[in-house]
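Everything below concerns the one structure shown next.
Because the structure is predicted, anything quoted here is derived from the model rather than measured. Start at 1 and go down the list; that is how both ligands and their atoms are numbered. When a residue number appears, it is its place in the shown sequence, counting from 1.
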Amino acid sequence: MADQEAKLEHEIHAHEDEDPAVHATRRAVLQAAIGVGVAGTLLSTLYVGAGLVPKKVVTPENEPLAAGDILVYAQGDNKDKPISPADLKLGGPQTIAYPMNPKTNVVKGGDPNNTVLVVKLEPSRLSPATAKDAAGGIVAYSGVCKHLGCIVSNWEASTEDFVCPCHQGHYDPANGGKVVSGPPPKPIPQLPIKVENNQIIATAFFVAEPGKEV
Ligand code: FES
């Protein structure tokens with residue numbers, strides 16, 4: 001590649017005494033050829049580099065949320081214990097949860113994209129589409145902000161919005177997690193749930209990919 005570039009450079013300088021217009025055209029064409037060559041080299045380097053990025057090792061703690069997982073407290077005195085629907089306060093705030101594999105009881109807190117927000121609202125407030133994936137007034141959403149990936153841990157009681165503490169993105173849990181204000185580019189995806197045996201259980205994966213928008 002270096003030889004090829006040297007030859008092209010030589011070609012440019014070998015005709016410096018020709019008509020200026022013709023020389024300018026020759027220079028542009030040859031420099032474009034060098035540029036394409038360099039870009040090609042760069043792309044192949046990136047391609048090879050991408051192949052070297054280590055694959056994520058899946059462990060029981062970071063495997064993705066799945067249908068049947070039980071939602072447990074992610075923090076506090078009851079950490080890792082199933083959330084009881086009766087313990088949720090009507091009108092919020094949200095409880096931060098992780099999914100737990102019901103067969104192994106492993107809590108999948110190893111991947112931030114498994115973070116879930118659970119909140120209980122007046123059922124009549126939910127839009128029909130949101131109510132479809134809710135359990136009565138209990139709704140669940142991905143807890144990862146679509147803007148830059150902070151955990152959406154704050155609550156605005158006057159409007160019943162989830163609030164991201166990083167840049168004040170507001171999301172509406174009664175309407176599919178849609179963005180009410182702030183910089184997030186997309187809604188946080190809802191998690192379809194049911195209540196069974198006094199536990200909150202995921203019935204499917206999130207309705208869209210969780211995590212910050214890339
Ligand atoms: S990371 Fe949530 S609003 Fe910016």
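A pairwise comparison of heavy atoms in Pro187 and Val179 identifies N-CG2, 4.0 Å as the closest pair.
For Thr104, the side-chain hydrogen bond (donor to acceptor under 3.5 Å, both in side chains) test picks out no residue, with sequence neighbours left out.
Val119 and Phe206 fall into different hydrophobic clusters, where Ile, Leu, Val, Met, Phe, Trp and Tyr residues are linked whenever their side-chain heavy atoms come under 4.5 Å apart, directly or through other members.
Sulfur-to-sulfur, Cys145 and Cys166 sit at least 2.5 Å apart at their SG atoms.
No side-chain donor-acceptor contact under 3.5 Å links Glu63 to the backbone of Asn101.
Within 4.0 Å of ligand 1, counting heavy atoms only, the contacting residues are Cys145, His147, Leu148, Cys150, Cys164, Cys166, His167, Gly169, Pro183.
Less than 6.0 angstrom separates the ring centroid of Phe162 from the ring centroid of Tyr141.
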